[in-house]
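Numbered from 1 within each chain, the chains take letters A, B, ... in sequence-line order. Keep in mind that the numbers below use all heavy atoms, side chains included, and drop hydrogens, waters and symmetry copies.
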Amino acid sequence: MIELISPPKSLDILLARANQLAGYSLGEIADSVNVDMPLNLNKHKGWVGNFIEQLLGATAGSKAEQDFTHLNIELKTIPISHQGKPLETTFVALAPLTGNVGLTWQMSHVHNKLQQVLWIPVEGEREIPLKDRKIGTPILWSPTQAQERMLQQDWEELTELISLGQFDAINARIGVALQLRPKGANSKVRTDAFDSNGLPIKTLPLGFYLRNSFTHTIITDHVRNDSNTYL
DNA sequence: CGCTGATCATAC
DNA sequence: GTATGATCAGCG
């Protein structure tokens with residue numbers, strides 16, 4: 001896209017930028033910065049996330065762990081219903097299918113990425129034309145102790161299944177907060193793993209996702225204090 | 001109609 | 001293929 005926006009030098013600057021977006025529609029903002037936008041997300045699933053990244057000065061296409069490495073903050077847009085509930089799960093990270101021996105929760109990418117997240121709610125009802133969907137008030141979140149425990153427990157259970165090569169037993173129904181689901185171009189994609197006998201196999205790539213019930217609590221817990229609140 | 005499994009785009 | 005950003009689609 002365009003608009004070269006420098007990375008925010010401080011948390012305050014990042015939050016100020018994010019707050020300035022609240023209340024405006026994607027179309028209004030895209031117009032103001034002369035960015036072309038798709039009619040819908042059908043073939044542009046990551047468009048909103050990439051657009052917000054650029055508006056806030058995240059380094060696009062980076063391989064860094066977080067979007068704002070220097071601030072230790074991960075950016076996530078989240079589609080919200082009229083009732084303020086998440087409409088989609090939140091992808092966190094690709095699940096390593098090998099090399100999990102000796103890996104702990106504290107060392108994991110999931111833990112690292114979820115230490116501090118700046119959530120940007122965006123209206124996500126499919127009946128609302130993409131350009132008319134409004135951006136909401138940003139939420140800077142870090143897991144509570146209870147949430148942290150929940151995440152760790154799920155991560156350990158899911159990672160254990162991977163380590164044991166129990167891929168037949170893995171499905172999206174496991175886990176209270178976190179779940180494992182396919183993450184790839186399509187169902188034919190394969191990646192390296194080890195089966196229950198420790199033998200090399202090729203299997204479907206998986207990713208860790210946050211369930212809507214979990215992200216909903218993040219939004220619910222967030223205290224709104226004044227009239228300058230959207231969504 | 002919520003949720004799981006499948007899928008889309010892009011950079012390297 | 002991996003890693004970034006996610007949402008689509010249709011079964012139960």
Side-chain angles (χ1 to χ4, degrees), chain A residues 1-2 7 26 30 35-69 73-100 108-110 112-114 117-131 133 135 154 158 161-162 167-193 200-217:
Chain A
M1 286 182 237
I2 9 181
L26 294 172
V35 164
D36 291 324
M37 62 181 294
L39 282 177
N40 57 61
L41 297 177
N42 243 296
K43 293 194 177 298
H44 302 272
K45 297 181 180 182
W47 188 84
V48 177
N50 291 139
F51 183 48
I52 301 291
E53 270 187 355
Q54 291 172 26
L55 293 172
L56 297 181
T59 49
S62 170
K63 285 189 173 182
E65 281 300 322
Q66 283 104 350
D67 295 288
F68 303 98
T69 315
I73 290 178
E74 169 76 8
L75 180 68
K76 290 288 180 194
T77 57
I78 184 166
I80 298 296
S81 74
H82 295 309
Q83 296 79 29
K85 294 195 294 185
L87 287 167
E88 297 292 346
T89 56
T90 301
F91 172 72
V92 180
L94 215 44
L97 301 189
T98 62
N100 282 306
S108 71
H109 285 195
V110 175
N112 182 47
K113 291 194 176 184
L114 296 184
V117 179
L118 182 62
W119 298 92
I120 309 290
V122 179
E123 289 181 331
E125 302 280 12
R126 294 184 198 181
E127 66 188 39
I128 305 177
L130 183 59
K131 68 173 178 51
R133 298 183 191 176
I135 298 175
D154 285 343
L158 296 167
L161 288 173
I162 292 172
F167 294 100
D168 291 342
I170 293 177
N171 58 53
R173 296 171 189 77
I174 307 171
V176 178
L178 271 181
Q179 62 181 172
L180 282 173
R181 299 221 310 281
K183 172 61 174 173
N186 55 58
S187 61
K188 297 169 192 93
V189 175
R190 300 282 112 141
T191 191
D192 292 327
I201 56 168
K202 290 286 194 178
T203 190
L204 195 60
L206 301 171
F208 285 105
Y209 296 76
L210 294 175
R211 290 186 180 279
N212 293 351
S213 54
F214 183 80
T215 50
H216 189 200
T217 65

Q) So, is A:Lys113 near the phosphate of C:dT4, with a side-chain N or O under 4.0 Å from OP1 or OP2? A)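 Checking A:Lys113 against C:dT4: at least one side-chain N or O falls below 4.0 Å of OP1 or OP2.
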Q.
So, does A:Arg173 get its side chain near the phosphate of B:dG5, meaning an N or O under 4.0 Å from OP1 or OP2?
A. yes
Using whole Å, what does the distance between atom [atom2] of nucleotide [N] and atom [atom1] of [X] come to?
X        : N      : atom1 : atom2 : answer
A:Asn50  : B:dA11 : CG    : C1'   : 11 Å
A:Arg211 : B:dT4  : CZ    : C1'   : 9 Å
A:Leu206 : C:dT2  : CG    : P     : 12 Å
A:Leu204 : B:dA6  : CG    : C1'   : 9 Å
A:Asn186 : B:dC8  : CG    : P     : 7 Å
A:Phe208 : C:dA6  : CZ    : C1'   : 18 Å
A:Leu55  : C:dG5  : CG    : P     : 15 Å
A:Asn171 : B:dG2  : CG    : C1'   : 16 Å

Q.
Quick check for you: to the nearest 0.5 Å, what is the distance between A:Asn212 atom CG and A:Gln179 atom CD?
A. 8.0 Å
Q) Rounded to the nearest 0.5 Å, how far apart are CG of A:Leu130 and CD1 of A:Ile128? A)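 Here the interatomic distance stands at 10.5 Å.
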Validation row: [X], [Y] side chains within 4.5 angstrom (heavy atoms):
X        : Y        : answer
A:Lys202 : A:Asp192 : yes
A:Asn112 : A:Gln66  : yes
A:Trp119 : A:Thr215 : yes
A:Ile135 : A:Ile52  : yes
A:Leu178 : A:Phe214 : no

Q: Determine whether any donor atom in the side chain of A:Lys183 lies under 3.5 Å from an acceptor atom in the base of C:dG5, or the reverse, and answer yes or no.
A: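 Side chain to base: pair found, below 3.5 Å.
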Q: Could you tell me whether the side chains of A:Thr89 and A:Arg181 share a donor-acceptor contact shorter than 3.5 Å?
A: yes
Q: Identify, with sequence neighbours excluded, every residue that meets ring pair (Phe, Tyr, Trp, His ring centres under 6.0 Å) alongside A:Phe91.
A: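 Residues passing ring pair (Phe, Tyr, Trp, His ring centres under 6.0 Å) with A:Phe91: A:Tyr209.
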Q: Kindly point out which of C:dG5, B:dT7, B:dA9 is positioned nearest to the side chain of A:Lys43?
A: B:dA9
Q. Using a cut-off of 4.0 Å between protein heavy atoms and nucleotide atoms, how would you tag nucleotides 7-12 of chain C 5' to 3' with B, S and -?
A. BBB---
Q | Upstream residue (5' side of DNA chain B) when A:Ser187 and A:Asn212 are each assigned their closest nucleotide | A | A:Asn212
Q. At how many degrees, to 10°, do the end axes of the helix from B:dC1-C:dG12 to B:dC12-C:dG1 meet when each uses five pairs?
A. 30°
